[in-house]
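Quick notes on the structure that follows.
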Amino acid sequence: MSNFIRHTYKLFVGNLPWTVGQKELQTYFSKFGHVSSAAIVYDKQQGFSKGYGFVTFSASDAYNSACNQNVHFLEGRVLSVKEANNN
DNA sequence: GTTGAGCGTT
């Protein structure tokens, strides 16, 4: 748990289905609160998603709601949500 | 058209 102040709340999202895009990611996390930014990491060589991405919240409320939930479901698949290494 | 541990820019 991070008690340090941060201007943005970023979460690392992994175990994403291949069919999930950044829009789907933001839509899912928007249920917890306002998503400031959502991005999926893509591979230039393959052109498909690497299977993980980042979600940034603008409110600690949304960040806490998403972080408090250890199990996330998207596209019928379980997602691994953790704190991002870098803000 | 494929794959599945990992912390970003397709």
Side-chain angles (χ1 to χ4, degrees):
Chain A
M1 302 178 182
S2 57
N3 292 333
F4 293 96
I5 185 70
R6 55 177 67 172
H7 296 87
T8 56
Y9 306 91
K10 188 169 65 175
L11 287 178
F12 173 84
V13 183
N15 197 27
L16 289 169
W18 320 113
T19 56
V20 171
Q22 68 178 50
K23 180 179 180 181
E24 298 295 330
L25 189 64
Q26 181 175 357
T27 301
Y28 173 78
F29 282 94
S30 293
K31 297 182 300 184
F32 298 94
H34 178 264
V35 177
S36 180
S37 178
I40 301 292
V41 182
Y42 282 92
D43 189 344
K44 294 192 295 186
Q45 297 179 352
Q46 295 188 354
F48 295 103
S49 65
K50 291 181 179 177
Y52 68 93
F54 297 91
V55 176
T56 305
F57 293 96
S58 56
S60 60
D61 183 5
Y63 179 85
N64 287 332
S65 298
C67 190
N68 286 337
Q69 184 170 326
N70 52 0
V71 178
H72 293 268
F73 270 95
L74 183 57
E75 298 294 315
R77 235 17 151 175
V78 181
L79 307 183
S80 301
V81 178
K82 312 174 189 177
E83 304 180 52
N85 273 329
N86 189 358
N87 61 351

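If you're wondering where the values come from, they're calculated on a predicted model, not measured in any experiment. Values below: every heavy atom of this structure, side chains too, minus hydrogens, waters and symmetry copies. Quick note on labels: first sequence line is chain A, next is B, and so on, each numbered from 1.
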Distance check needed: B:dT2 P versus A:D43 CG, whole Å only. 15 Å

In terms of the nearest nucleotide of DNA chain B, which residue is placed more toward the 5' end: A:S49 or A:F54? A:S49

Please report the distance, rounded to the nearest Å, between CG in A:N15 and P in B:dT3. 15 Å

In whole angstroms, how far is the P atom of B:dC7 from the CG atom of A:L11? 16 Å

Mind checking what makes side chain to side chain contact (heavy atoms under 4.5 Å, CB included) contact with A:A66, not counting sequence neighbours? A:L11, A:F29, A:F32, A:F57, A:H72

Of A:W18 and A:Q22, whose closest DNA chain B nucleotide lies nearer the 5' terminus? A:W18

To the nearest Å, how far apart are A:K50 NZ and B:dG6 P? 14 Å

Could you tell me whether the side chain of A:E75 and the main chain of A:R77 form a donor-acceptor pair under 3.5 Å? no

Does the side chain of A:S60 reach to within under 4.5 Å of the side chain of A:Y9, using non-hydrogen atoms? yes

Please state how far atom CG in A:L16 lies from atom P in B:dT10, giving the value in whole angstrom units. 18 Å

Return the set of residues passing side chain to side chain contact (heavy atoms under 4.5 Å, CB included) with A:V41 (not counting sequence neighbours), or none when no residue passes. A:K50, A:Y52, A:F54

Nucleic acid contacts of residues 24-42 of chain A, taken as heavy-atom distances under 4.0 Å to DNA chain B: A:A39, A:V41, A:Y42

What is the separation between atom CG on A:L79 and atom P on B:dA5, rounded to the nearest whole Å? 15 Å

Spatial distance of atom CG (A:L79) from atom CG (A:N15) [nearest 0.5 Å]: 6.5 Å

Atom-to-atom span, CZ of A:F48 to P of B:dA5 - whole angstrom: 19 Å

Distance check, rounded to the nearest 0.5 Å: A:E24 atom CD versus A:S49 atom OG? 12.0 Å

I'd like to check, for A:F12, whether its ring lies over the base of B:dG6 with centroids under 5.5 Å apart and a plane angle smaller than 30°. no

